[in-house]
Asks: 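Please read through the structure below; I'll follow up with questions.
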Amino acid sequence: MSDFRRRVLAVVRRIPPGRVATYGDVADWAGRPRAWRAVGNIMRECHEPATPCHRVVGAGGALGGYGGNPQLKRELLRAEGLQVGIARIRRFRDVRWATKVSKEASRKWKVETEK
DNA sequence: GCATTGACTAGGG
DNA sequence: GCCCTAGCCAATG
């Protein structure tokens with residue numbers, strides 16, 4: 001279990017219900033802003049219920065994937081009060097976690113996880 | 001250690 | 001908004 005992977009999971013678990021974050025956001029919070037692609041790889045492995053992988057979506061509100069069951073992901077998100085289209089999240093800007101979190105909070109989070 | 005792969009993204013047409 | 005391209009990172013064989 002690499003350090004980066006551990007951080008990514010920690011960030012994902014931090015996403016509150018009814019909110020979503022993009023792969024890019026997660027990578028950023030994990031300390032590697034340009035590792036979004038790797039984040040996708042990690043998610044593929046960690047399909048355990050302990051981490052709300054379904055709250056991690058693609059940039060611009062794209063759903064991304066969910067193992068062999070993308071539809072399930074849509075259901076889960078809708079169950080949390082999100083408006084989900086065929087392959088997109090409506091009101092994405094309003095439910096995107098990263099934009100709702102204050103800079104203060106992100107700074108604090110980084111300080112705690114950097115060490 | 002190199003090559004391939006992927007639940008990605010930003011930019012240009 | 002959609003399609004294509006190039007760039008990027010960690011995991012895998």
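This one's a predicted model, so the numbers in the text were calculated from it and none came from an experiment. All chains are named by letter (A, B, ...) in the order of the sequence lines, taking the proteins before the strands, and each is independently numbered beginning at 1.
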Asks: Determine yes or no for a side-chain-to-main-chain donor-acceptor pair under 3.5 angstrom, with A/Lys73 supplying the side chain and A/Gly65 the backbone.
Replies: yes
Asks: Using atom CG of A/Asp28 as one end and atom P of C/dC9 as the other, report the distance to the nearest whole Å.
Replies: 14 Å
Asks: Does a side-chain N-to-carboxylate-O contact under 4.0 Å join A/Arg5 and A/Glu45?
Replies: no
Asks: Could you tell me the separation between the CG atom of A/Asp3 and the P atom of C/dA11, rounded to a whole number of Å?
Replies: 10 Å
Asks: Members other than A/Leu63 in its cluster, when Ile, Leu, Val, Met, Phe, Trp, Tyr link by side-chain heavy atoms under 4.5 Å?
Replies: A/Val20, A/Val57, A/Leu77, A/Leu82, A/Val84, A/Ile89, A/Phe92, A/Val95
Asks: I want to confirm an ordering. Mapping A/Arg5 and A/Arg88 to their closest nucleotides on DNA chain C, which one lands closer to the 5' end?
Replies: A/Arg88
Asks: Using the rule that Ile, Leu, Val, Met, Phe, Trp and Tyr join whenever any side-chain heavy atoms are under 4.5 Å apart, tell me whether A/Trp36 and A/Val26 fall into a single cluster.
Replies: yes
Asks: Exactly one of A/Phe4, A/Trp97, A/Tyr23 should register a ring-ring contact (aromatic ring centres under 6.0 Å, His included) with A/Trp29. Which one does?
Replies: A/Trp97
Asks: Protein within reach of the bases, or only the backbone? For nucleotides 1-13 of chain B, mark each nucleotide 5' to 3' as B, S or -, using heavy atoms under 4.0 Å.
Replies: -----BBBSS---
